[in-house]
Asker: 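Here it is, the structure in full.
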There are 2 protein chains.
Amino acid sequence: MVEHAQEALFRPVRAGNAFEETVERLMQSIRLGVVAPGERLPSERDLATRLGVSRVTVREAIRSLQENHYVESRRGRYGGTFVKDSLPKSAPGKEFGDLHDVLTLRRVLETGAAETAAGRSLGPAERRGLRARLEEASTSSLAEYRRKDSRLHLAIAEATGSAALTAAVAESRMRANELLDHIPLLEPNLAHSNAQHERIIVSILDGDPAAARQAMAEHLDGTASLLRGFLV
Amino acid sequence: MVEHAQEALFRPVRAGNAFEETVERLMQSIRLGVVAPGERLPSERDLATRLGVSRVTVREAIRSLQENHYVESRRGRYGGTFVKDSLPKSAPGKEFGDLHDVLTLRRVLETGAAETAAGRSLGPAERRGLRARLEEASTSSLAEYRRKDSRLHLAIAEATGSAALTAAVAESRMRANELLDHIPLLEPNLAHSNAQHERIIVSILDGDPAAARQAMAEHLDGTASLLRGFLV
DNA sequence: CTCCAAAGGTATGCCTGCGAGCCATTGGCC
DNA sequence: GGCCAATGGCTCGCAGGCATACCTTTGGAG
């Protein structure tokens, strides 16, 4: 038997119970900026269907988010569950997963996504979307930066046309963001990031896969070395 | 709200029930050749711990594999559950997932893995392991080829040192293999594959990331176009 | 002003999966 | 030959999660 491959194949089949997984997903959609502050989450019934869990479980998850002041719910028609404008800081609790593990997977997924996106012929809507996310990120405040940054990177993953790749990038970014929340975000870094973002998007829109990969690699290696410096 | 990213984030939280997921994992370990014919699976108690499910569920999954003639169990000390020597053909049932989706993710993950592996300084054990898998694949019969091929590709993923990346590659390969099972495996393809495998491994062992990526990309694009040809 | 559609809020009963313990079988060790 | 450790085989009660149905609130449509 090939010994090491077992670690990957015989890992736990479920990350947590249905409740925890559901909380995690809703948190992701908020923390990654997919549902922005002030916006409404899909209805409980809708979420239950999409997430493949019962409405009871969705409600328990939402209750948990309410108690942590991430969302508030309003009843009646045109009611719903809305993301609060002022989001609480993330709980610093979690241990760091294996740093190497997180960064390796992120690099593979995101440089691959950039290259793949650049190799496709994008429709006008997708091109506009990418430019819009770039603009959002470059004009965002320090407070909003992590969220806008994630939206941009997710938009790049979506531009590959692969839902599985997009899901993998979202998952990987959450893990990376947990680490990034522990290091300071400084104006100079932000300006540098914006310049790199611009290069990435321009390369994708120009249809230059090699340049897109290269630009994304440099961008990620920047934050990776920041992380290694702060956390070691 | 960013509309498209929702599809990734609000996908179902659990792939199936615990039983189905467990069957899937055990099947993967057999079909990908991690546990070869004649070899023993870990004990039920061990599997239950590692997979994070109850022993009852593990037993139900194993029963299912027994009924499909994948494994047989023997009681008593030095007993256990053993992979049968003659494995049944895979049930042709499953629909094709989105072809583009599968192939895109596979390309990103595996070219990234090859590049990353080539960029690391590998220990002697890892280098020997890679050579051994290459040898296995190149001398295998048509019948065993898919399994030996997967073992080689998994070994490359493991050489990145990232468990998460290895798991992602294993998952992606299973999905790709489901498709590949529907197209013929021909001697010329096999010879061609072996030559490409050699290039990939040599590039990794030589520490040439760009060459490793390039070689892997060509290798994957070969089977990808075969698939597109046969399945469209 | 009335109605009603759509959203959140609540309650009940079933079924899956889990934990824990015990039994049965086997082959090496003393 | 007897012991015993490790493995598969089995059972029972409990907790988590689910489907389903119904109630309450709200604001726009008619």
Side-chain angles (χ1 to χ4, degrees), chain A residues 1 6 10-27 29-30 35 38-84, chain B residues 1 6 10-27 29-30 35 38-84:
Chain A
M1 177 153 51
Q6 288 184 53
F10 294 151
R11 73 188 186 285
V13 295
R14 6 196 71 178
N17 53 34
F19 164 73
E20 286 169 356
E21 274 287 277
T22 304
V23 171
E24 192 60 23
R25 287 293 182 78
L26 297 181
M27 280 287 278
S29 71
I30 296 170
V35 186
E39 288 186 339
R40 215 197 67 176
L41 287 172
S43 75
E44 295 178 355
R45 288 168 176 83
D46 190 3
L47 281 174
T49 305
R50 292 208 231 178
L51 295 174
V53 298
S54 76
R55 203 181 137 213
V56 179
T57 304
V58 169
R59 286 183 48 71
E60 280 169 357
I62 287 177
R63 171 116 55 106
S64 163
L65 293 188
Q66 286 167 350
E67 282 164 4
N68 290 288
H69 309 287
Y70 281 93
V71 300
E72 57 188 356
S73 297
R74 293 201 289 274
R75 310 210 338 186
R77 190 166 189 178
Y78 306 96
T81 299
F82 297 81
V83 177
K84 287 203 140 194
Chain B
M1 176 154 50
Q6 286 183 55
F10 294 150
R11 72 187 187 284
V13 295
R14 6 196 72 178
N17 54 35
F19 164 73
E20 286 169 357
E21 274 287 278
T22 304
V23 171
E24 191 61 23
R25 287 293 182 79
L26 297 181
M27 280 287 278
S29 70
I30 295 170
V35 186
E39 287 185 341
R40 215 196 66 174
L41 286 172
S43 75
E44 294 178 354
R45 289 169 175 83
D46 189 5
L47 281 175
T49 305
R50 293 209 230 177
L51 296 174
V53 298
S54 77
R55 206 182 133 211
V56 180
T57 304
V58 169
R59 287 183 48 69
E60 280 169 357
I62 287 177
R63 172 113 57 104
S64 163
L65 293 188
Q66 286 167 350
E67 283 164 2
N68 290 288
H69 309 287
Y70 280 94
V71 300
E72 56 188 357
S73 297
R74 293 200 289 273
R75 302 193 8 172
R77 189 167 189 178
Y78 305 97
T81 300
F82 297 81
V83 178
K84 289 202 138 193

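These numbers come from a predicted model, not from an experiment. Below, chains carry the letters A, B, ... as their sequence lines are ordered, and counting in each starts from 1.
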Asker: Any idea which of dA5(C), dT26(C), dG8(D) is nearest the Arg77(A) side chain?
Answerer: dA5(C)

Asker: Can you see if the side chain of Arg75(B) gets near the phosphate of dG27(C) - specifically, an N or O under 4.0 Å from OP1 or OP2?
Answerer: no

Asker: For the side chain of Ser54(A), starting at C-beta, report the closest nucleotide among dG9(D), dG8(C), dA19(D).
Answerer: dA19(D)

Asker: Does Thr49(A) use its side chain to pair, donor to acceptor, with the backbone of Arg45(A) at less than 3.5 Å?
Answerer: yes

Asker: With sugar-phosphate meaning primed atoms plus P, OP1 and OP2, does Arg45(A) contact a base, only sugar-phosphate, or nothing at under 4.0 Å between heavy atoms?
Answerer: base

Asker: When you compare the side chain of Leu26(A) with that of Val71(A), does any pair of heavy atoms fall below 4.5 Å?
Answerer: no

Asker: Determine: side-chain N/O of Thr81(A) to OP1/OP2 of dG8(C), distance under 4.0 Å, yes or no.
Answerer: yes

Asker: Of the options dG17(D), dT7(D), dG9(C), whose atoms approach the side-chain atoms of Ser43(B) most closely?
Answerer: dT7(D)

Asker: Report the nucleotide, chosen from dA24(C), dT10(C), dC10(D), that has the shortest atom-to-atom distance to any side-chain atom of Arg55(B).
Answerer: dC10(D)

Asker: In terms of side-chain heavy atoms of Tyr78(B), which of dA5(D), dG28(C), dC18(D) is nearest?
Answerer: dG28(C)

Asker: Nearest to the Ala18(A) side chain among dC18(C), dG9(D), dG17(D), which nucleotide is it?
Answerer: dG17(D)

Asker: Are side-chain N/O atoms of Glu44(B) and Thr81(B) paired as donor and acceptor at under 3.5 Å?
Answerer: no

Asker: Of the options dA21(D), dG17(C), dC18(D), whose atoms approach the side-chain atoms of Thr57(A) most closely?
Answerer: dC18(D)

Asker: Regarding dG8(D), can its base be found pairing with the side chain of Arg59(B) as donor and acceptor, where the two atoms are less than 3.5 Å apart?
Answerer: no

Asker: Relative to the 5' end of DNA chain D, which residue comes earlier, Val56(A) or Gly76(A), by the nucleotide with the nearest heavy atom?
Answerer: Val56(A)

